[in-house]
2 protein chains.
Amino acid sequence: MAQPTMQQVAEAAGVSTALVSLVMRGAPNVSDMRRALVLKAAEELGYRPNVLARNLASRRTRTLGVVVNDLHNPFFAEIIDGIQSAAEANGYRILIGNGQHSRRGESDAIETFLQLRVDGLILAGAVVTEDEMERAAKSAAVVAIGRTAASREIDTVNCDESVGTRLVIDHLVGLGHRRISHIDGGSGAGAANRRLGYEESMREFGLGEFINTVRGDFSESGGYNAADELLTLHQRPTAIFAANDLSAAGALDRVEDAGLEVPSDVAIVGYDNTGLAAMHHLSLTTINQPRGVFGRIATELILERIDDGRTTAVHHVVAPTLVVRKTSGPSTETSREEEILV
Amino acid sequence: MAQPTMQQVAEAAGVSTALVSLVMRGAPNVSDMRRALVLKAAEELGYRPNVLARNLASRRTRTLGVVVNDLHNPFFAEIIDGIQSAAEANGYRILIGNGQHSRRGESDAIETFLQLRVDGLILAGAVVTEDEMERAAKSAAVVAIGRTAASREIDTVNCDESVGTRLVIDHLVGLGHRRISHIDGGSGAGAANRRLGYEESMREFGLGEFINTVRGDFSESGGYNAADELLTLHQRPTAIFAANDLSAAGALDRVEDAGLEVPSDVAIVGYDNTGLAAMHHLSLTTINQPRGVFGRIATELILERIDDGRTTAVHHVVAPTLVVRKTSGPSTETSREEEILV
DNA sequence: TTTCGAGATTGTAGCGCTCTAAACGTCAAG
DNA sequence: CTTGACGTTTAGAGCGCTACAATCTCGAAA
């Protein structure tokens with residue numbers, strides 16, 4: 001396992017280690033002859049630069065540490081895709097740390113990266129305290145995705161939930177719905193924003209009197225139970241807006257169990273556009289957050305700090321989009337009310 | 001961003017850098033007095049060991065690189081959980097690299113880790129050539145999860161597909177099914193093993209004449225189309241065994257679209273026990289692979305090589321289990337045939 | 001021919017740490 | 001009082017690389 005060093009390559013090629021170093025880094029002022037010589041020697045020896053030594057000597061790592069809150073959540077996979085391609089385009093490599101869905105796990109991952117002296121730290125969906133983020137910002141550039149930060153040292157990238165919720169309500173109202181209920185995410189992260197956005201949008205459309213939120217917990221069973229509650233109402237809603245796709249799936253399940261048709265009897269809209277929503281037999285209308293864009297922007301922000309020396313905080317807000325699928329359709333409400341009146 | 005060094009801590013504490021080094025590494029032969037002194041100085045300065053320098057000097061990193069084929073696949077998240085807890089228990093840290101679902105991406109991730117001089121490399125679901133794995137094994141201990149390797153330098157951890165497929169057929173036969181068709185994974189990774197396992201098991205149960213495989217591709221739509229094909233058969237199968245959960249979901253969709261009941265008209269079994277399968281409204285009978293165990297065993301194997309110096313290859317095979325949910329049930333076949341005969 | 005300068009190459013001092021061997025008490029036994 | 005042993009501390013030589021300044025080369029201009 002003893003690996004060849006630059007020294008050995010230099011000797012084999014009959015040049016100095018400094019020249020080998022230049023060749024390895026792709027420096028311009030090296031004659032083609034020696035470059036070829038060095039490359040050949042390196043190839044033959046199976047030389048592989050020692051990044052530890054390189055980084056130690058150059059005091060840069062050109063490495064970004066990415067800490068994700070929870071690797072199980074496919075949400076983060078797409079963010080990482082965005083980060084990775086943006087990082088590579090700029091000559092940076094990324095390393096991924098798993099927060100294991102806990103504050104403690106995130107802290108550990110952050111500490112590991114700082115000890116590795118990464119140039120930048122991207123925190124995706126982090127639940128660590130802002131204090132801790134600020135402490136990290138003393139040693140590396142930090143940007144947080146999906147959460148706010150007051151510190152001047154920390155940039156953020158977020159999605160505009162008020163736009164997302166308005167998109168949903170606008171869509172449903174446009175289809176003739178008025179009794180639109182909301183299954184919220186309880187005390188989960190971001191749940192409050194979506195609930196608020198729902199209420200605001202309803203009022204904007206003059207539907208304040210129809211505001212009706214039932215508690216969920218971002219889970220399938222939570223959505224199922226919440227829908228159950230909604231179906232027992234005297235006047236059941238004609239549309240259900242769930243705080244995420246999973247609870248929308250649960251709600252859908254309950255509604256269909258009750259023998260009702262989706263979307264003709266009850267329309268259902270989710271949030272997040274997960275792989276689930278795209279499934280043929282679910283085909284859920286939902287809000288899409290441009291996750292890859294999150295990653296790209298976060299990377300760009302962090303590189304502005306590292307390479308361009310920006311020191312003021314930038315807070316980027318990205319607009320979500322509506323993805324219409326098969327669980328939303330025109331309300332049959334109006335005609336029914338007329339029938340009743342007649 | 002200039003970080004305090006061991007030198008500064010030593011000066012502040014009035015001791016040598018060597019002593020600081022000992023304290024930082026938790027060495028035993030240090031007097032309590034000096035230990036406290038050093039710890040205090042380090043704390044006050046906000047000292048954080050430089051892992052680059054440490055690893056360079058000690059020629060060990062106590063770090064495991066984990067390369068996953070595709071971060072989008074939740075399958076790997078659980079494997080990582082297993083690796084992480086086993087690694088931590090042994091004083092190792094892990095770094096995760098994303099293969100981006102491509103040979104090229106995996107190669108890059110492997111190369112990055114080797115340049116970082118990780119002590120061990122765990123490849124999960126890797127699609128790189130065995131040659132490349134072997135080359136990596138010259139610089140670090142390597143274990144592959146979910147694939148075979150002939151090299152003596154490489155350990156493997158795999159699931160016994162023949163057991164898994166037998167479990168499925170056994171279950172279905174026990175329920176009275178005989179016309180059990182298979183939707184395979186086409187040329188996808190592992191598809192051949194499952195197809196073979198299906199055929200073998202069928203023959204074992206004396207059902208060779210009912211062997212019938214239609215082509216899928218591990219996708220939902222692939223499952224849908226394959227099921228479509230199966231339903232047009234003169235004698236349609238009473239049970240469908242799909243090569244993974246996603247294609248099982250597609251098949252389920254098609255069967256229900258045809259107005260048939262699952263499981264009474266057609267039973268459906270998937271493979272992998274993904275989160276999808278557990279969903280209430282799918283509730284798919286499927287084969288569970290103990291993913292966390294994969295990770296734990298892989299880690300144990302790699303540490304045997306690193307710490308205990310094992311040099312022979314170990315190939316570990318883990319047994320999968322059957323998870324019975326709602327898409328499988330008794331065959332109604334027998335009674336029907338009797339009716340026809342009468 | 002001499003001079004000059006740009007490009008190519010090299011010597012070497014670190015980067016921040018670990019590790020080995022040696023040095024330094026300190027104290028009980030001789 | 002000397003010696004030896006033991007536990008603690010330290011000096012200093014690397015680890016493999018980069019960065020900077022210094023040096024070398026060689027053709028073009030004077």
Side-chain angles (χ1 to χ4, degrees), chain A residues 1-39 41-42 45-63 91 93 112 114-119 139, chain B residues 1-39 41-42 45-63 91 112 114-119 139-140:
Chain A
M1 305 254 177
Q3 312 231 8
T5 69
M6 193 165 258
Q7 175 96 32
Q8 295 170 39
V9 175
E11 276 163 22
V15 299
S16 69
T17 58
L19 216 226
V20 177
S21 173
L22 289 173
V23 172
M24 284 340 237
R25 284 177 285 157
N29 291 342
V30 176
S31 67
D32 289 347
M33 184 198 97
R34 312 238 178 191
R35 183 185 304 278
L37 225 53
V38 169
L39 255 20
L45 288 171
Y47 172 72
R48 169 178 293 131
N50 184 324
V51 167
L52 297 172
R54 193 214 285 279
N55 291 348
L56 181 61
S58 67
R59 264 143 300 183
R60 317 249 293 85
T61 57
R62 290 196 83 81
T63 298
R93 82 179 89 225
T112 292
L114 291 181
Q115 290 189 1
L116 268 174
R117 300 297 193 264
V118 295
D119 293 334
S139 314
Chain B
M1 306 257 174
Q3 311 232 11
T5 70
M6 194 165 258
Q7 175 95 29
Q8 295 171 39
V9 175
E11 278 165 21
V15 299
S16 69
T17 58
L19 217 227
V20 177
S21 174
L22 289 174
V23 171
M24 288 334 266
R25 282 177 285 155
N29 292 342
V30 177
S31 65
D32 289 348
M33 185 198 97
R34 312 237 181 194
R35 184 185 302 278
L37 226 52
V38 168
L39 254 20
L45 288 171
Y47 172 73
R48 171 178 291 130
N50 184 326
V51 168
L52 297 173
R54 191 212 285 278
N55 292 348
L56 179 60
S58 67
R59 265 143 294 182
R60 315 253 291 89
T61 57
R62 290 195 84 78
T63 299
T112 292
L114 291 181
Q115 291 188 1
L116 269 175
R117 300 298 193 263
V118 295
D119 294 332
S139 314

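Quantities reported herein were computed from a predicted structural model and do not represent experimental measurements. Chain A is the first sequence line, chain B the second, and so forth, proteins listed ahead of strands; every chain is numbered from 1.
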Point to revise | Which atom of B:Leu114 lies closest to which atom of B:Ala140, heavy atoms considered | key: CD2-CB, 4.0 Å

**Study point:** Nearest to side-chain heavy atoms of A:Leu22, which nucleotide of C:dT10, D:dG12, D:dC15
**Key:** C:dT10

Exercise for review: For C:dT18, take OP1 and OP2 only and decide whether either is under 4.0 Å from a side-chain N or O of B:Ser21.
Suggested key: yes

Point to revise | Distance-only side-chain donor-acceptor flag, A:Ser58 / A:Arg54, under 3.5 Å | key: no

**Study point:** Name of the residue among A:Ser21, A:Ser16, A:Pro49 meeting side-chain contact (heavy atoms from CB on, under 4.5 Å) with A:Met6
**Key:** A:Ser21

Study note, to complete from the structure: Rounded to whole Å, CZ of B:Arg59 lies from P of C:dC19 at a distance of 8 Å

Review point. Would you call A:Val38 and A:Val9 a side-chain contact if the rule is heavy atoms closer than 4.5 Å?
Key: yes

Practice item. Send over the distance from B:Arg117 CZ to D:dG16 C1', rounded to a whole Å. Key: 9 Å

Check your understanding: NA contact type, A:Val15, heavy-atom cut-off 4.0 Å: base, sugar-phosphate, or nothing?
Key -> sugar-phosphate

Check your understanding: So which nucleotide from D:dA19, D:dG14, D:dT18 ends up closest to the side chain of A:Met6?
Key -> D:dT18

Check your understanding: What nucleotide among D:dG16, D:dT9, C:dT10 has an atom nearest to a side-chain atom of A:Thr5?
Key -> D:dG16

Revision key, fill the gap. Against the side chain of B:Tyr47, the closest entry in D:dC17, D:dT18, C:dC17 is C:dC17

Check your understanding: Hey, does A:Arg48 have a side-chain heavy atom less than 4.5 Å from the side chain of B:Arg117?
Key -> yes

Exercise for review: Check whether any side-chain nitrogen or oxygen of A:Arg54 sits under 4.0 Å from OP1 or OP2 of D:dT18, and answer yes or no.
Suggested key: yes

**Study point:** Atom-to-atom span, CD of B:Gln7 to P of D:dT10 - whole angstrom
**Key:** 13 Å

Exercise for review: Using only side-chain N and O atoms of A:Ser58, determine if any of them is under 4.0 Å from OP1 or OP2 of D:dT18.
Suggested key: no

Review point. Whole Å only: how far is the CG atom of A:Leu116 from the C1' atom of C:dG16?
Key: 14 Å

Check your understanding: Taking NZ, NE, NH1 and NH2 as the nitrogens, is one of them in B:Asp119 or B:Arg62 under 4.0 Å from a carboxylate oxygen of the other?
Key -> no

Review point. Does any residue of residues 25-38 of chain A have a heavy atom under 4.0 Å from DNA chain C, and if so, which ones, in number order?
Key: A:Asn29, A:Val30, A:Ser31, A:Arg34

Point to revise | Proximity to the side chain of B:Leu56 - top-ranked nucleotide from D:dG16, D:dT10, C:dG11 | key: D:dG16

